[in-house]
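Read the numbers this way: they start at 1 and go in the same order the structure lists the ligands and their atoms.
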Amino acid sequence: MAPRIKLAAGVSVVMLLTGGSIVGAAPAPTAAPTLAAAPDIPVANVKAHLAQLQSIATANGGNRAHGRTGYKASLDYVKAKLDAAGFTTTIQQFTSSSRTGYNLIADWPGGDTNKVVLSGSHLDSVTAGAGINDNGSGSAAILETALAVSRTNYQPTKHLRFAWWGAEELGMVGSRYYVNSLTTANRQKISGYLNFDMIGSPNPGYYVYDDDPAIEKTFKDYYAGIGVPTEIETEGDGRSDHAPFKSAGVPVGGLFSGADYIKTSAQATKWGGTAGLAFDRCYHASCDTTANINDTALDRNSDAIAYAVWSLSQ
Ligand code: DTR
Ligand code: CA
Ligand code: ZN
Ligand code: ZN
């Protein structure tokens with residue numbers, strides 16, 4: 001029978017069996033920190049926000065454009081949801097084309113404020129219509145992502161901020177006003193700006209911005225994970241709210257499902273949809289209503305947004 005060995009406190013059998021001098025126990029293997037997984041974003045919730053934005057447009061002259069009552073009512077709707085969910089909200093006011101515009105900024109308390117992950121969408125429509133795809137889709141998707149942060153009480157390492165821009169349709173006026181209002185130090189604290197403008201187009205393409213490589217990879221990894229091919233968004237430079245951030249040296253990325261361009265047969269073969277048809281035949285038109293949304297594209301892009309916010313903030 002093996003001699004019973006009385007172990008001094010803290011001496012492990014492994015040390016004794018080596019027969020040599022006590023060289024220190026092998027450190028216990030440390031498990032890699034498990035990354036918190038993003039929750040599914042219920043597309044029904046995103047569509048409920050779109051229904052609210054549609055009602056707001058209908059009650060305010062048919063649009064949600066800069067300087068009109070429909071825009072401020074849209075902002076008030078989004079702000080009320082975020083205030084109720086525990087976000088710290090700030091409204092920035094500016095003037096463009098002799099009309100008052102507003103940005104809404106929402107900070108999720110916590111995280112390292114020297115490393116800010118900022119997700120943004122323009123909330124304004126053109127005057128021609130309700131702007132449900134352009135850009136209620138992006139606005140509703142980041143709103144629901146922010147609400148999911150609250151529901152799950154997500155506490156990431158980095159600080160989360162969300163923004164709804166005014167007057168994008170006049171030339172990225174609200175987002176440029178925000179960037180210009182930041183000190184250099186505060187601009188440098190933004191580790192990435194994620195832009196979402198038109199993400200529910202009826203005849204969708206799945207475009208990923210080709211700006212910051214890490215952000216681009218994050219989105220491409222998501223789509224590869226669900227087996228959906230993507231295309232690099234190349235002609236978007238300067239055409240939405242990521243432009244002022246990119247000009248200021250902030251890493252940017254984002255998603256886009258297509259505007260008025262005609263989908264080529266190659267794209268149709270790759271992603272489905274119909275060649276020869278515009279991605280969104282109601283682009284900047286009065287028919288950009290809640291009927292002008294592809295639910296699958298809206299769902300996939302909303303989930304991709306959550307995936308990126310979670311992945312880039314840990
Ligand atoms: N300018 C945007 C729509 C738009 C057109 N091309 C791109 C590329 C990437 C993002 C957005 C867009 C608008 O009308 O709001
Ligand atoms: Ca979903
Ligand atoms: Zn537009
Ligand atoms: Zn837009």
Side-chain angles (χ1 to χ4, degrees), residues 49-50 53 57 62-68 70-71 74-75 78 96-97 101 103-104 119-143 163-176 178 193-212 215-216 219-220 230-247 250 252-264 267 271 278-289 292-294 297-298 301 304-305 308:
H49 299 314
L50 293 182
L53 295 178
N63 69 67
R64 301 181 306 99
H66 163 71
R68 274 62 171 195
Y71 178 77
S74 301
L75 193 94
V78 174
S96 182
S97 304
N103 292 325
L104 173 62
S119 300
S121 289
H122 75 85
L123 185 58
D124 63 311
S125 75
V126 292
T127 54
I132 298 305
N133 186 35
D134 183 19
N135 182 38
S137 61
S139 296
I142 66 169
L143 171 59
W164 290 262
W165 308 119
E168 185 272 347
E169 299 290 8
L170 282 74
M172 289 84 79
V173 174
S175 52
R176 183 172 293 108
Y178 174 79
Y193 172 67
L194 312 180
N195 191 61
F196 306 104
D197 183 357
M198 299 183 73
I199 61 167
S201 303
N203 187 24
Y206 290 91
Y207 285 99
V208 176
Y209 293 12
D210 63 340
D211 299 291
D212 177 73
I215 298 174
E216 177 186 345
F219 285 122
K220 287 169 79 170
T230 55
E231 192 80 9
I232 292 304
E233 162 47 49
T234 52
E235 68 268 26
D237 277 1
R239 296 207 51 178
S240 190
D241 294 303
H242 57 304
F245 289 90
K246 186 172 182 179
S247 302
V250 175
V252 304
L255 298 173
F256 176 55
S257 55
D260 55 342
Y261 322 123
I262 299 301
K263 178 180 279 188
T264 64
Q267 288 167 333
W271 307 320
F279 296 99
D280 180 354
R281 63 179 182 77
C282 291
Y283 177 58
H284 286 185
S286 59
C287 54
D288 188 2
T289 66
N292 187 49
I293 290 287
N294 178 295
L298 185 67
N301 285 322
I305 292 169

What do the steps show when you test Glu231 against Val208 for side-chain contact (heavy atoms from CB on, under 4.5 Å), and what is the final call?
CA-CA 6 Å; Glu231 192 80 9; Val208 176; over 6 Å; no

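- Which parts of ligand 1 touch His284 is read off a 4.0 Å heavy-atom cut-off, strictly below it: atoms 14 (O).
- Looking at ligand 1, you'll find an N or O of Arg239 within less than 3.5 Å of one of its N or O atoms.
- For ligand 1, the atoms sitting less than 4.0 Å from at least one non-hydrogen atom of Met198 are 3 (C), numbered in the order shown with element in parentheses.
- Ring geometry for Phe219 versus Phe196: interplanar angle over 60°, hence perpendicular rather than tilted (30 to 60°).
- Using 4.0 Å as the threshold, His122 has a heavy atom nearer than that to some atom of ligand 1.
- Within the structure, ligand 1 has Asp134 among the residues with a heavy atom less than 4.0 angstrom away.
- Of all heavy-atom pairs between Asp197 and Asn135, the closest is CA-OD1, 3.3 Å.
- A distance below 6.0 Å separates the ring centres of Tyr209 and His242.
- Scored by the salt bridge (charged side-chain N to carboxylate O under 4.0 Å, His left out) test, Glu216 finds Lys220 as partners (sequence neighbours excluded).
- Distance check, rounded to the nearest 0.5 Å: CZ of Arg176 to OG of Ser247 gives 7.5 Å.
- Ligand 1 has no N or O atom lying under 3.5 Å from any N or O atom of Tyr209, backbone or side chain.
- Defined by atom type and a distance below 3.5 Å, a donor-acceptor pair is missing between the side-chain atoms of Asn63 and Thr127.
- Every atom of ligand 1 with a heavy atom of Tyr261 under 4.0 Å away is listed here by number and element: 5 (C), 6 (N).
- The shortest N/O to N/O separation between Glu233 and ligand 1 does not fall below 3.5 Å.
- Residue contact check: Glu168 has heavy atoms under 4.0 Å from atoms 1 (N), 2 (C), 13 (C), 15 (O) of ligand 1.
- We find the CG-CD distance between Asp124 and Glu169 to be 5.5 Å, quoted to the nearest 0.5 Å.
- Only the side chain of Tyr283 comes within contact range of ligand 1, with a heavy atom under 4.0 Å; no backbone atom does.
- Residue-to-ligand polar distances place Asp197 within reach of ligand 1: an N/O pair is separated by less than 3.5 Å.
- Counting only N and O atoms by type, the side chains of Ser201 and Asn133 include a donor and acceptor under 3.5 Å apart.
- Between Leu194 atom CG and Asp212 atom CG the span is 9.5 Å, to the nearest 0.5 Å.
- By the 30° and 60° cut-offs, the orientation of the rings of Trp165 relative to Phe245 is tilted.
- Tally of protein N, O or S atoms closer to the Zn ion (ligand 4) than 2.8 Å: 4.
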